[in-house]
There are 2 protein chains.
Amino acid sequence: MSKLSNAIESFIKKMLQNTENQTLEIRRNELADYFSCAPSQINYVLSTRFSIHKGYYVESRRGGGGYIRITKISIDEDDLLHTIFRIIGNSISQSKSEDIIERLREEEVISDREGEIMKAAVNKKNLNLPVAARDKIRANILKAMIACLMRQKSE
Amino acid sequence: MSKLSNAIESFIKKMLQNTENQTLEIRRNELADYFSCAPSQINYVLSTRFSIHKGYYVESRRGGGGYIRITKISIDEDDLLHTIFRIIGNSISQSKSEDIIERLREEEVISDREGEIMKAAVNKKNLNLPVAARDKIRANILKAMIACLMRQKSE
DNA sequence: TACTTTGACTATCTTTGACTTTCAAATATT
DNA sequence: AATATTTGAAAGTCAAAGATAGTCAAAGTA
């Protein structure tokens, strides 16, 4: 029975529901202790159940006072951002990126200035790499920025 | 329980806010006594929380009557952007990038949302590369975004 | 086969303490 | 009186130990 991961998943989701701002902080080792499992089990659950695609944003910090912070992003399936996120996939050219950013601007999801910042970030001049690698990294950056917009929206 | 560094950080920042000219002098040993910690803890806090990236300038003097003087740097936006540009150089870590972005936000050069977008762009999760290459590309991205802010301003 | 669990190893952040350097005031020397 | 030396009071440095979290691959399970 692979109940462990499921149990941890529900536990975290329940905790999340009891928060005001959709944000929860945990101590990895505490949680692992609570479930009597390896600490890395927590990472497994986070990466399989709380990924950005599933609508969660995870930050963390190591060392004394370290933590893992989980934020729920409200995603609605026919949301423009969500669609765009899918369209990007795992590789994208500069010009397509710019088209997407332009579109976001037209739809007034982002301001002019935000658009300029985002375009600057995906410019190929920054990414001094073979084209294939460059397009992958660009996709990551663009998706990260858009995920961030989704997060902002739900706050 | 790594509240110590955070506590010392807030304490100093609160003290700074109560000064007229953004400058504060402390006695290292006194402060260490106050927090019941090793004096070198103060140095740790200074170097991690009051770095040049975060917009602070720290001077000190040893010997009898020694002191540590902490100054919050305040310069006009144009200089700030140029200075930051220089500080970035051609390679920078994620955490230093975040410090810089945080500072831009504090100085109200960028909005909260713009800050989040910029942080998303420099996150290491996007840059699946060896550290050295990653830090170079991050520097490019960050500088490109900042250059974009300068352009915006002059328009 | 695909998903889950574990554990060894790594990376990062914090705290502490032993040792070093610098400075100003007091004291000694010329 | 002027200069040199000593002393004690700061602050600085650095490496080790402690506290977390991350990664990855091997082993287990459905």
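The basis for the numbers below is simple: all heavy atoms, side chains too, and nothing from hydrogens, waters or symmetry mates. Numbered from 1 within each chain, the chains take letters A, B, ... in sequence-line order.
- Residue B:Phe35 contributes atom CZ, which lies 17 Å from atom C1' of C:dT16 at whole-angstrom precision.
- An OP1 or OP2 oxygen of D:dA10 is reached within less than 4.0 angstrom by a side-chain nitrogen or oxygen of B:Arg27.
- Of the side-chain N and O atoms in A:Asn29, none sit less than 4.0 angstrom from OP1 or OP2 of D:dA19.
- Protein atom CD of A:Glu9 is 13 Å distant from nucleotide atom C1' of C:dC3, rounded to whole Å.
- Residue A:Asp33 contributes atom CG, which lies 14 Å from atom C1' of D:dA19 at whole-angstrom precision.
- A salt bridge does not link B:Lys96 with B:Asp99: none of the charged nitrogens is closer than 4.0 Å to a carboxylate oxygen.
- The separation between B:Ile42 atom CD1 and C:dG17 atom P is 14 Å, rounded to whole Å.
- Looking at B:Arg62, its side chain comes within 3.5 Å of the base of C:dT21 through a donor and an acceptor atom.
- Between the P atom of C:dT22 and the CZ atom of B:Arg28 lies a distance of 15 Å, rounded to the nearest Å.
- Considering only heavy atoms from C-beta on, B:Gln22 stays 4.5 Å or farther from B:Tyr57 through its side chain.
- If you check every strand for non-hydrogen atoms under 4.0 Å, B:Ile68 touches sugar and phosphate atoms only.
- With respect to B:Lys125 and A:Glu59, no salt bridge is recorded, no charged nitrogen being found less than 4.0 Å from a carboxylate O.
- Among the heavy atoms of the strands lying under 4.0 Å from B:Asn43 is at least one base atom, whether or not backbone atoms are also near.
- Salt bridge absent: A:Arg103 and A:Glu106 never bring a charged side-chain N and a carboxylate O closer than 4.0 Å.
- Residue A:Ser60 is classed as a sugar-phosphate contact, given heavy-atom separations below 4.0 Å to backbone atoms only.
- Rounded to an integer number of Å, the gap from NZ of B:Lys125 to P of C:dT12 is 14 Å.
- For B:Glu59 and D:dA10, the CD to C1' distance is 17 Å, given to the nearest whole Å.
- Across the interface with DNA chain C, nearest-nucleotide mapping of A:Ser36 and B:Thr48 shows A:Ser36 to be the residue nearer the 5′ end.
- Regarding B:Leu46, its CG atom lies at a distance of 15 Å from the C1' atom of C:dT14, rounded to whole Å.
- Between A:Tyr44 and C:dT5, a side-chain N or O to OP1/OP2 separation shorter than 4.0 Å is absent.
- Distances shorter than 4.0 Å separate some side-chain N or O of A:Arg49 from OP1 or OP2 on C:dT4.
- Regarding contacts with the backbone of D:dC14, every side-chain N or O of B:Ser40 stays at 4.0 angstrom or more from both OP1 and OP2.
- Ranked by how close their nearest DNA chain C nucleotide is to the 5' end, B:Lys124 and B:Arg61 are led by B:Lys124.
- The salt bridge (Lys or Arg N to Asp or Glu O under 4.0 Å) test with A:Arg105 singles out one residue from A:Glu98, A:Glu114, A:Glu116, and that residue is A:Glu116.
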